[in-house]
Amino acid sequence: MELCFHHGGAETWQSDIVLVPILDGSDIVSTNTELDNACPWLRTAPGYQDVSPHKHRLHMVYGGQEGLCRVLFLGLGKEADFSLDIFREGIGKAVAFANTYAFSHMLCSVSLLASLPFGKHRLLEELVYAAHLANDVYAPLKKADPNTHTLQTLTIAHPTPDPLLEKAAHKGAHAASATLFARHLAAMPANHLSPVHFAHQAVSMAKRAHIPCSVLDEQNMRQEGMEALLAVGQGSKNPPRLIVLDYASPNAQDQDPLLLIGKGICFDAGGISLKPPAKMHEMKSDMSGAACVIACMEQVAKEGLDCHVVGIVACAENLPDGNAVRPGDVVRAMNGDTVEIINTDAEGRLVLCDAINYAKTHFHPKAIVDIATLTGACAVALGDAIAGLFTKHALLRDRLLAAGELCGQYLWPMPIWEGYRQKLNSDVADICHTGPRQGGASIAALFLAHFADKTPFAHLDIAGVDWAEHKTALCPKGPTGFGARTLLEFVRGGSL
Ligand code: BES
Ligand code: MN
Ligand code: ZN
């Protein structure tokens with residue numbers, strides 16, 4: 001969908017439909033002179049009497065002889081209950097509704113947003129974001145469905161050019177691009193997205209976004225001493241890859257970077273500690289964290305944000321095989337620590353620990369943030385709408401919470417508690433990679449924090465939120481892309 005900006009009087013508006021969001025009790029139709037100029041027939045149209053401001057009520061009103069002949073009202077409920085979540089969802093429903101009519105063009109006027117809470121810039125950003133998400137029908141492995149229609153253009157009307165409004169709209173579009181790219185990657189089946197393919201995707205993104213990118217193969221990993229990462233990949237014919245994207249604006253070349261690290265398990269069968277078959281297919285998206293990092297990096301570069309950010313994703317396939325790592329095996333991680341592997345299904349922390357080690361050795365990061373579909377325990381603790389945020393660092397916590405809040409991707413602080421450290425003691429190695437089931441999400445975070453050591457560190461566990469069981473207005477069933485926009489907002493938020 002193309003974003004257009006229209007300037008000039010409302011009598012020059014052109015579109016299949018005009019979208020009019022209304023709050024309960026608002027008299028936008030009688031007070032908005034633009035709307036009156038664009039659709040002088042509106043107030044006397046018979047259908048207008050049936051318009052309802054109830055939350056997410058959609059109602060189309062027809063009239064006029066030529067020009068604009070359809071107005072789509074979107075009820076937003078009472079002002080006191082209004083939220084950006086309600087707004088985004090409403091916009092998503094309005095776009096889906098428009099698509100059932102096979103319209104191509106939708107117009108929304110900034111003046112209609114100006115009277116709502118949160119202000120026109122914020123709402124415009126969210127409108128563009130939500131419209132893009134709702135309009136997406138990506139299904140590359142299906143035959144095209146002739147009955148699927150999508151909006152071709154979204155026109156934002158404003159009497160005069162306004163760079164700040166355009167910036168807000170573009171921010172929304174970039175956030176949507178990040179989310180959709182992450183979703184599309186995570187939806188790819190493992191036979192279409194091996195670690196090598198994932199690296200190709202990252203390299204071609206890096207080319208179009210002009211980000212220096214390097215890919216480590218097994219031989220490079222062996223030279224670096226990344227036995228933990230290699231151990232996870234050794235049960236698959238598809239070899240592991242570590243992908244490094246190093247973005248710096250001209251001003252920030254010499255700054256210590258922020259490190260974003262993603263878990264990129266292209267398929268997680270559990271390895272020798274094989275998972276039960278139910279829902280195992282969902283483990284094709286066990287690379288959602290990596291997808292979020294790649295998708296975020298693209299938009300950071302596209303926006304030319306003034307910062308130094310390095311994205312590292314550790315990709316491998318966790319399969320059982322004659323060559324697979326066994327429970328009880330001991331490997332040496334890149335920092336020299338020996339790690340006892342108890343349950344081969346706890347593979348995420350193994351690939352992440354070597355990604356963290358690599359980041360520390362090669363980049364002197366000012367902070368590390370990782371994102372991973374790490375533990376079922378986190379999903380049990382927080383459900384399918386909130387992700388776990390694990391950090392001891394107050395500024396990282398506050399900044400990440402704010403970033404998530406901004407985009408409706410809610411995070412909840414969870415502990416990294418040193419009191420549990422002895423639960424990771426091993427009889428035979430320096431550290432064991434799992435502890436008891438109880439507190440599993442925190443113990444996984446503690447394992448990662450051990451490798452981050454003194455570097456400020458935060459971990460996002462998205463195991464509960466990366467996959468939607470049911471379609472919603474902004475997301476089809478399947479991968480959600482949760483985290484891509486949060487990371488982008490976090491980076492947009494400025495240096496730490
Ligand atoms: N990828 C899974 C976690 C997961 C589960 C993500 C469900 C999304 C939905 C992870 O690799 C895993 O298997 N974790 C184990 C850890 C355990 C063996 C310590 C788990 O959560 O059971
Ligand atoms: Mn696993
Ligand atoms: Zn996994």
Side-chain angles (χ1 to χ4, degrees), residues 182 186-187 190 193 195 198 228-229 231-236 240 261-292 313-320 324-329 339-355 370-388 390 414 420 423-424 426 431-448 459-469 477-483:
L193 191 73
F198 194 110
L229 171 49
V232 174
Q234 75 191 37
S236 171
I261 294 182
K263 169 179 171 180
I265 300 299
C266 293
F267 191 74
D268 180 13
I272 297 297
S273 312
L274 192 65
K275 285 183 182 296
K279 295 202 174 181
M280 201 206 269
H281 69 282
E282 293 180 7
M283 287 299 124
K284 69 178 181 179
S285 68
D286 207 21
M287 32 56 70
S288 292
C292 286
V313 305
C315 293
E317 238 184 358
N318 188 26
L319 298 182
V325 70
R326 291 159 289 249
D329 282 1
V339 182
E340 185 185 12
I341 297 174
I342 299 289
N343 183 329
T344 64
D345 198 11
E347 83 297 338
R349 63 198 77 181
L350 294 173
V351 303
L352 290 170
C353 84
D354 270 342
D370 89 82
I371 179 163
T373 47
L374 204 63
T375 67
C378 191
V380 170
L382 295 175
D384 62 1
I386 308 172
F390 301 77
M414 299 275 279
Y420 284 158
K423 294 187 192 289
L424 291 173
S426 162
I431 189 168
C432 181
H433 81 142
T434 53
R437 241 162 66 84
Q438 293 88 342
S442 276
I443 288 168
L446 194 56
F447 179 83
L448 298 178
H459 157 61
L460 303 177
D461 194 333
I462 54 167
V465 296
D466 73 301
W467 186 276
E469 289 293 337
K477 184 179 169 202
T480 61
F482 189 113

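Indexing begins at 1, ligand by ligand and atom by atom, following the structure's order.
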So do the side chains of Met287 and Val313 get within less than 4.5 Å of each other, counting heavy atoms only?
no
Just to confirm my output: which protein heavy-atom neighbour is closest to atom 15 (C) of ligand 1, and how far is it?
Asp345 O, 4.0 Å
Judged on heavy-atom distance to atom 20 (C) of ligand 1, which of Gly435, Ser288, Gly376 sits nearest?
Gly376
Taking Asn318 for its side chain and Ile265 for its backbone only, find out whether a donor-acceptor pair lies under 3.5 Å.
no
Under 4.0 Å from ligand 1, counting heavy atoms only, is it the side chain of Lys263, its backbone, both or neither?
side chain
Salt bridge check, Glu469 against Lys279: does any charged N sit closer than 4.0 Å to a carboxylate O?
yes
Asp268 atom (N/O/S) at minimal separation from the Zn ion (ligand 3)
OD2
Could you establish whether Ile265 and ligand 1 come within less than 4.0 Å of each other, counting only heavy atoms on the residue side?
no
Heteroatom test (N, O or S) for Asp286 near the Mn ion (ligand 2), limit 2.8 Å
no
To which protein heavy atom is atom 14 (N) of ligand 1 closest, and what is the distance rounded to 0.1 Å?
Leu374 O, 3.4 Å
At the Mn ion (ligand 2): angle between Asp345 atom OD1 and Asp268 atom OD2, to 10 degrees
100°
Polar-atom distance check: Asp466 versus ligand 1, any N or O pair below 3.5 Å?
no
Output the atom name for the N/O/S atom of Glu347 with the smallest distance to the Zn ion (ligand 3).
OE2
Report yes if some heavy atom in the side chain of Lys284 is under 4.5 Å from a heavy atom in the side chain of Leu193; otherwise report no.
no
Please identify which atoms of ligand 1 are closer than 4.0 Å to at least one heavy atom of Glu347.
11 (O)
With a 4.5 Å limit on heavy-atom distance, are the side chains of Leu382 and Asp461 in contact?
no
Does atom CG (Asp384) have a neighbourhood of more than 12 heavy atoms from anything else shown, all under 6.0 Å?
no
Determine the sole option in Asp268, Asp286, Asp466 for which the side-chain hydrogen bond (donor to acceptor under 3.5 Å, both in side chains) test with Thr373 is passed.
Asp286
Pairwise side-chain contact, Val339 with Phe447, heavy-atom cut-off 4.5 Å (strictly under):
yes
If you define the side chain from C-beta out and look only at heavy atoms, does anything of Pro240 sit under 4.5 Å from Val232?
no
Decide whether an N or O pair under 3.5 Å exists between Thr373 and ligand 1.
yes
Is there a nitrogen or oxygen of Asp268 sitting under 3.5 Å from a nitrogen or oxygen of ligand 1?
yes
Decide whether an N or O pair under 3.5 Å exists between Lys275 and ligand 1.
yes
For Ala468, is there any backbone N or O sitting under 3.5 Å from a side-chain donor or acceptor partner on Thr480?
no
To make sure I understand the geometry: which N, O or S atom in Asp286 is closest to the Zn ion (ligand 3)?
OD2
What protein heavy atom is closest to atom 18 (C) of ligand 1, reported as residue, atom name and distance in Å?
Asn343 ND2, 3.3 Å
Is it the case that the side chain of Arg326 and the backbone of Ile272 share a donor-acceptor pair, with hydrogens and angles ignored and the cut-off at 3.5 Å?
no
Arg349 contact mode with ligand 1 (heavy-atom cut-off under 4.0 Å):
side chain
Distance below 4.0 Å between atom 22 (O) of ligand 1 and any protein heavy atom?
no
How long is the span from the CD1 atom in Ile462 to the OG1 atom in Thr375, to the nearest 0.5 Å?
11.0 Å
State whether the shortest distance between N or O atoms of Thr434 and N or O atoms of ligand 1 falls below 3.5 angstrom.
no
Within-shell test, Met283 vs ligand 1, heavy atom, strictly < 4.0 Å:
yes
Side chain Lys263, main chain Ser288, donor-acceptor under 3.5 Å:
no
In Glu347, the N/O/S atom nearest the Mn ion (ligand 2) carries the name OE1
Below 2.8 Å, any N, O or S contact between Ala346 and the Zn ion (ligand 3)?
no
